[in-house]
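Below: the structure, in structure tokens.
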Amino acid sequence: MVGLKPPEVPPTATVKFVSAGTAACVADLCTFPLDTAKVRLQIQGEVRIPRSGGAVEYRGVLGTLSTMVRTEGARSLYRGLVAGLQRQMSFASIRIGLYDSVKQLYTPKGAESTGLAARLLAGCTTGAVAVTCAQPTDVVKVRFQANAALPDCARRYSGTVDAYRTIAREEGVRG
């Protein structure tokens, strides 16, 4: 590898788009259990989880993770992962992958460098578009993470596609 130089041609927007989404998915695979624990801690007290010994009480992130593994199995840490990966692929791909292309739209023709205003506008634009596109996936992901604490008979969704359909049918666009 010594002596190899980076290519003269920068990566295309498609390569940036796919690379950003893939990198975010890999990161999400590693951190998803922490996100699930966060959601469980946030909803604790709002939803009573029926168990044989009363409601499960979570204490701290590590305590929540160990309680979930002990009471629901290790797979419970990754419930909602499909929607989480869909969120990362759409959110990161748009936000990071399209940033340079959008930045060029805001850069005046013939300018040698991109100014701060153009970079800020590009970041705000790609961020806003990414949030708009990824919001439905985030809703499904969080609902799966919270819903997993309920017994099978009380769960509302049988899968990710069912969750999108049910939310759209019952709650419309606002859901």
Requested in this report: May I ask you to decide if Gly73's main-chain N or O and Ser76's side chain share a donor-acceptor pair within less than 3.5 Å?
Outcome: yes
Requested in this report: Please tell me if the side chains of Tyr164 and Thr137 come closer than 4.5 Å, counting only heavy atoms from C-beta onward.
Outcome: yes
Query raised in the report: Taking atom CG of Leu62 as the centre, does the number of heavy atoms from other residues, nucleotides or ligands within less than 6.0 Å exceed 12?
Result: no
Query raised in the report: Do the side chain of Thr31 and the main chain of Leu34 share a donor and acceptor less than 3.5 angstrom apart?
Result: no
Report summary line: Taking every heavy atom of Leu85 against every heavy atom of Asp28, the minimum-distance pair comes out as N-OD2, 4.0 Å
Query raised in the report: Does a side-chain heavy-atom distance below 4.5 Å link Val82 with Phe144?
Result: no
Query - Atom pair CZ/CZ of Arg79 and Arg75 - distance to nearest 0.5 Å - result: 7.0 Å
Query raised in the report: Is any side-chain N of the basic residue among Arg143 and Glu171 closer than 4.0 Å to the acidic one's carboxylate O?
Result: yes
Query raised in the report: For Lys141 and Gly80, which heavy atoms make the closest approach, and how far apart are they?
Result: CG-O, 3.8 Å
Report task. Ignoring hydrogens and angles, tell me if any N or O in the side chain of Tyr78 forms a donor-acceptor pair with the backbone of Leu29 under 3.5 Å. Result -> yes
Query raised in the report: Mind checking whether Leu81 and Met68 sit in one hydrophobic cluster, side chains of I, L, V, M, F, W, Y counted as touching below 4.5 Å?
Result: yes
Report task. Heavy atoms only: give me the nearest Tyr157-Ala163 pair and the separation to one decimal. Result -> CD2-CA, 3.5 Å
Query raised in the report: Taking the side chain from Ser93 and the backbone from Val18, do they hold a donor-acceptor pair closer than 3.5 Å?
Result: no
Requested in this report: Could you grab the distance from atom OH of Tyr58 to atom CD of Gln44, nearest 0.5 Å is fine?
Outcome: 7.5 Å
Query raised in the report: Looking only at heavy atoms, what is the nearest atom pair of Ala24 and Ala92, with distance?
Result: CB-CB, 3.4 Å
Query raised in the report: Transitively linked via ILVMFWY side-chain contacts under 4.5 Å: Val15 with Met89?
Result: no
**Report entry** Note, Gln88 side chain near Phe32 side chain (heavy atom, < 4.5 Å)
**Finding:** no
**Report entry** From Leu77 atom CG to Asp35 atom CG, the distance as rounded to the nearest 0.5 Å
**Finding:** 11.5 Å
Query raised in the report: Is Val131 linked to Val129 within one hydrophobic cluster, defined over Ile, Leu, Val, Met, Phe, Trp and Tyr using a side-chain heavy-atom separation of less than 4.5 Å?
Result: no
Requested in this report: Please determine which of Val142, Val140, Asp138, Val139 meets the side-chain contact (heavy atoms from CB on, under 4.5 Å) test together with Arg87.
Outcome: Asp138
Query - Salt bridge present between Lys103 and Asp100 (N-O < 4.0 angstrom) - result: yes
**Report entry** Ala122 versus Val102, closest heavy-atom pair with distance
**Finding:** CA-CG1, 3.9 Å
Query - Spatial distance of atom CZ (Arg119) from atom OH (Tyr106) [nearest 0.5 Å] - result: 15.0 Å
Query - Test item: Ile94 and Phe17 side chains (from C-beta on) under 4.5 Å apart, heavy atoms - result: yes
Query raised in the report: If you take all heavy atoms of Pro11 and Lys16, which pair is closest and at what distance?
Result: O-CE, 3.5 Å
Query - Atom pair OG1 (Thr67) and CZ (Arg59), whose distance is rounded to the nearest 0.5 Å - result: 9.5 Å
Requested in this report: Look at the side chain of Thr36 and the backbone N and O of Gln145, then say whether any donor-acceptor pair between them is shorter than 3.5 Å.
Outcome: no
